[in-house]
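Any value given below was found using the heavy atoms of this structure, including those in side chains, with hydrogens, waters and symmetry copies removed. Numbers restart at 1 for each chain; the letters A, B, ... are given by sequence-line order, proteins then strands.
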2 protein chains.
Amino acid sequence: MRSYDQYCSVARALDVIGDRWTLLIVRELLIRGPSRYTDLQYGLPGIATNLLADRLRDLEAEGIVTKEVAPPPVATTLFRLTPRGEALDSVLAALGRWGAPLLAGPTGDAAFRSHWLKFPLELHLTDQQPDAAPATIEIHAGAQPMLVRVADGTIRVHPGTSPDPEVTLTGTPSLVLGLLVGALDVDTARARGLKIEGDVATLRRVQPLIPPTGKVDRSAKAGRSKVKR
Amino acid sequence: MRSYDQYCSVARALDVIGDRWTLLIVRELLIRGPSRYTDLQYGLPGIATNLLADRLRDLEAEGIVTKEVAPPPVATTLFRLTPRGEALDSVLAALGRWGAPLLAGPTGDAAFRSHWLKFPLELHLTDQQPDAAPATIEIHAGAQPMLVRVADGTIRVHPGTSPDPEVTLTGTPSLVLGLLVGALDVDTARARGLKIEGDVATLRRVQPLIPPTGKVDRSAKAGRSKVKR
DNA sequence: CGGCATCCTCTTTGATACTG
DNA sequence: CAGTATCAAAGAGGATGCCG
């Protein structure tokens, strides 16, 4: 990217991470931790492979990512965030929070990966009963199941399954998000096709007190992918 | 910008404000409030006028900016952030905070506008003596003087002059920042050419308790503006 | 396979000139 | 003042090829 050449901290930051795809690469590394090249490609549907290679090189040069080559037997390269790279989580969080209402818009044929749920869920859910026993919500919304662990007042979202989750949600991402975030009530979500099994009270435990303004899931169908002008 | 077409709040946010120059336009509107086209051009050195017009159109279409045309006698158009646009301040703040250490790098021939100081200063300075009388620091670092008002535990930075500031700083932006942020002590700053007039204690009042890691102003001279590869 | 590099096309940008 | 018009250069997207 061409430098903006301005003595301003925002402009300088954008000089480094303002390129197309760059922040999404950081998103992947933040959510999934150290990743292989092909894992990154999977988490970044639509990126051209030469761009991914370019961006990783740039990020390495800027001290945001390090590349470690595992010894010959396993022969795999891992890309990992440096502390400086991890410091970008506040930027990603702010962006994710600002962008959350946009998930209410038409879903169209947008790509989806289950681990992307981590950001909106950890940002918007809260544990209303910090002293209650830990609980688990299992989500089946994409290719791989995700777990929401609620314990001691914190919410953690990561891939996996549980032998005995308090609730299991199965359905489209927008229905799952809509329900968890409180924009949809249980009956409406069920009516629209979300499968809810288990203890519904656990859902209320994590829902934010103030539901968001933009309603998630209006079941809109209109196609997306802006066609300028 | 082409949509990333991902059902992820970060990607959706970047679909809207990820274009080159877009966040800097928002920066201008956040710092200066409602602005005329030419004011924006002044605050965005390097932007091509067709791009500014394009971006403003896009931002208006996205509901981030509104354009108001004043009645014929004054004949001027004002661009103003909507509440949705103002909500981007958290994103800008996170970016500004992350980018602040980069101001320590080579200054080169980067452009500078005094009002850009608002972000780093309001983010990094604190009022250590909330109960003391209000104080004013006047800064001469660019074309127009800026005032730092310290009162009741808050810091406000805006353009202007004061009849009786507690301190006046005159010098390069990096010296001013370096001193205020605590990376440079008074003697060093003076030795490097910063003019400091008035009550030095007021400076200590606003300086952060933990000085930043990257030292501001190393008086580096190397040119900037990346030349890929 | 995993991790790229090359080649080609298309879109976006940057610089400048011009207009109601 | 607030833009539009034009055009060259840079960057993105997509397909495919290479190499351990």
Side-chain angles (χ1 to χ4, degrees), chain A residues 1-6 11 14-15 17-25 28-29 34-61 65-80 111 225-229, chain B residues 1-6 11 14-15 17-25 28-29 34-61 65-80 111 225-229:
Chain A
M1 159 171 282
R2 273 228 350 226
S3 169
Y4 287 109
D5 235 355
Q6 301 184 353
L14 291 174
D15 280 348
I17 47 78
D19 263 325
R20 186 160 166 79
W21 290 108
T22 301
L23 277 181
L24 293 187
I25 294 173
E28 288 302 304
L29 293 170
S35 311
R36 292 175 303 172
Y37 191 87
T38 33
D39 297 335
L40 291 174
Q41 278 190 304
Y42 172 78
L44 297 162
I47 197 173
T49 174
N50 55 350
L51 272 193
L52 179 54
D54 271 12
R55 292 295 120 89
L56 286 170
R57 227 192 321 275
D58 293 349
L59 286 170
E60 206 186 341
V65 159
T66 55
K67 181 165 129 179
E68 25 184 281
V69 186
V74 267
T76 189
T77 319
L78 279 186
F79 297 89
R80 166 193 313 269
S225 82
K226 275 190 247 177
V227 190
K228 265 276 178 121
R229 233 158 305 270
Chain B
M1 159 172 282
R2 273 246 321 244
S3 169
Y4 287 109
D5 234 356
Q6 300 184 355
L14 291 174
D15 280 348
I17 48 77
D19 264 326
R20 188 160 165 78
W21 291 107
T22 301
L23 277 181
L24 293 186
I25 294 174
E28 287 302 304
L29 292 170
S35 312
R36 292 175 304 172
Y37 191 88
T38 33
D39 297 335
L40 291 175
Q41 278 190 305
Y42 172 79
L44 297 163
I47 197 173
T49 174
N50 57 344
L51 272 192
L52 179 53
D54 270 13
R55 291 294 118 91
L56 286 171
R57 229 192 318 275
D58 293 350
L59 286 170
E60 206 186 339
V65 159
T66 54
K67 182 165 131 181
E68 27 184 279
V69 186
V74 267
T76 190
T77 318
L78 280 186
F79 296 89
R80 167 193 311 269
S225 83
K226 273 191 247 178
V227 190
K228 264 274 176 130
R229 231 158 308 270

Expected string for nucleotides 14-20 of chain D under the B/S/- scheme (protein heavy atoms, under 4.0 Å, primed atoms plus P, OP1, OP2 as sugar-phosphate) is B-B----

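Residue-to-nucleotide proximity on DNA chain C shows that, of A:Y4 and A:Q41, the 5′-proximal contact is made by A:Q41.
D:dG13 atom P lies 11 Å from atom CG of A:D19, rounded to whole Å. To the nearest angstrom, C1' of C:dA15 lies 15 Å from CG of B:D54. The separation between B:L44 atom CG and C:dG14 atom P is 12 Å, rounded to whole Å. In this structure, the CG atom of B:L24 is 13 Å from the P atom of C:dT13, given to the nearest Å. Following rounding to the nearest Å, A:L59 (CG) and C:dG3 (C1') show an atom-to-atom distance of 16 Å. In this structure, the CZ atom of A:R36 is 13 Å from the P atom of C:dC4, given to the nearest Å. One can place CH2 of B:W21 at 10 Å from C1' of C:dG14, the figure rounded to the nearest angstrom. If you measure from atom CG of B:L51 to atom C1' of D:dG3, you get 13 Å, rounded to the nearest angstrom.
A:D5 places no side-chain N or O within donor-acceptor distance of the main-chain N or O of B:A111, the cut-off being under 3.5 Å. For A:D15 (side chain) and A:M1 (main-chain N/O), no donor-acceptor pair under 3.5 Å exists by modelled atom type.
In this structure, of C:dT13, C:dC4, D:dC1, it is D:dC1 that holds the atom nearest to the side chain of B:T38. Among the nucleotides D:dA12, D:dG3, C:dG3, the one closest to any side-chain atom of B:F79 is D:dG3. Checked against C:dT13, D:dG3, C:dC4, the side chain of A:A53 finds its nearest nucleotide in C:dC4.
The shortest distance between side-chain heavy atoms of A:T22 and A:D58 does not fall below 4.5 Å. Using a 4.5 Å cut-off on side-chain heavy atoms (C-beta onward), B:L14 and B:D19 make no contact. For the pair A:L44/A:E28, a side-chain contact is recorded, criterion being any heavy-atom separation below 4.5 Å from C-beta on.
Cation-pi geometry between B:R36 and B:Y42 is not met: the NZ or CZ atom fails to fall both under 6.0 Å from the ring centre and inside 45° of the normal.
Side-chain nitrogen and oxygen atoms of A:R57 include at least one within less than 4.0 Å of the OP1 or OP2 phosphate oxygen of C:dA5. Checking the phosphate oxygens (OP1, OP2) of D:dA12, a side-chain nitrogen or oxygen of A:R55 falls inside 4.0 Å. Of the side-chain N and O atoms in A:K67, one or more sit less than 4.0 angstrom from OP1 or OP2 of C:dC4.
In this structure, a donor-acceptor pair under 3.5 Å is present between the side chains of B:Y37 and B:T49.
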